[in-house]
**Q** 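Would you mind keeping the following structure in view while I ask a few things?
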Amino acid sequence: MRSLALFGIENNALSLVAGLLVLFLVALWLALVFYTYMDARRRIADPMLVGTAVVAALVFPFVGTVVYMIVRPPEYLEDVRERELEIQAAEARLSQLEGDVCPYCDFEVDKDFLRCPSCLRRLKEPCRTCAKPLDPRWKICPYCEAEVSSGQSRGRARSGGRPSAPTRARPAGTGRPAAGAPAAALER
Ligand SMILES: [Zn+2]
Ligand SMILES: [Zn+2]
């Protein structure tokens, strides 16, 4: 009688322990599913793949999460993005350090070169006032605010204007300065 009661208590305690164990395992399983979801979202951009990982963790308790942890991408998406941005910035810095290349012969030239030292072609026109190198797209000199006259004279020459403008522009372009202001600008 006493032993039976003892057995009953023992049985109750055992089933309680078993129930708690099952509860613990279920809680752990659901936590692992949640962890898989949160981790996959940070590592995988494709929502279909994130869903697949979560379903695998749900359908195959514990094993699904373990398999996911083996095959998951090694990096977080934000780390990948940050590294790509850093690489882009480094490339931009590098190209700035290297400067430009000559559009005719790809020789490395500085931004303020007036002529390419390799193929001797004209890269930029000097400002008439301050002799700083001007980008052909500029309408005024950004250094001294002088109007860019070379582009205007070239445009007039193309549209059939005065012949004096091309003769003044040519010595600067083909070498051999004739005399006067263009020669002084060339020397710089
Ligand atoms: Zn060149
Ligand atoms: Zn200027």
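Both ligands and their constituent atoms are indexed starting at 1 by order of listing. The residues of the chain are indexed from 1 along the displayed sequence.
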**Q** Does Asp110 reach the main-chain N or O of Asp112 with its side chain, forming a donor-acceptor pair under 3.5 Å?
**A** no
**Q** Kindly state each residue pair satisfying salt bridge (charged side-chain N to carboxylate O under 4.0 Å, His left out) with at least one member in residues 54-75, sequence neighbours excluded.
**A** Asp39-Arg72, Glu75-Arg83
**Q** Only to 10 degrees, please: what angle do the SG atom of Cys119 and the SG atom of Cys116 make about the Zn ion (ligand 1)?
**A** 110°
**Q** At a cut-off of 2.8 Å, list the protein N/O/S atoms near the Zn ion (ligand 2), residue plus atom name.
**A** Cys127 SG, Cys130 SG, Cys141 SG, Cys144 SG
**Q** For the backbone of Val148 and the side chain of Trp138, can you confirm whether one donor and one acceptor N or O come within less than 3.5 Å of each other?
**A** no
**Q** Is the side chain of Arg43 donor-acceptor paired with the backbone N or O of Leu77 at a distance under 3.5 Å, no angle test?
**A** no
**Q** Would a distance-only check, ignoring hydrogens and angles, find a side-chain to backbone donor-acceptor pair under 3.5 Å from Tyr68 to Ala40?
**A** yes
**Q** Between the side chain of Arg115 and the main-chain N/O of Arg121, is any donor-acceptor distance below 3.5 Å?
**A** no
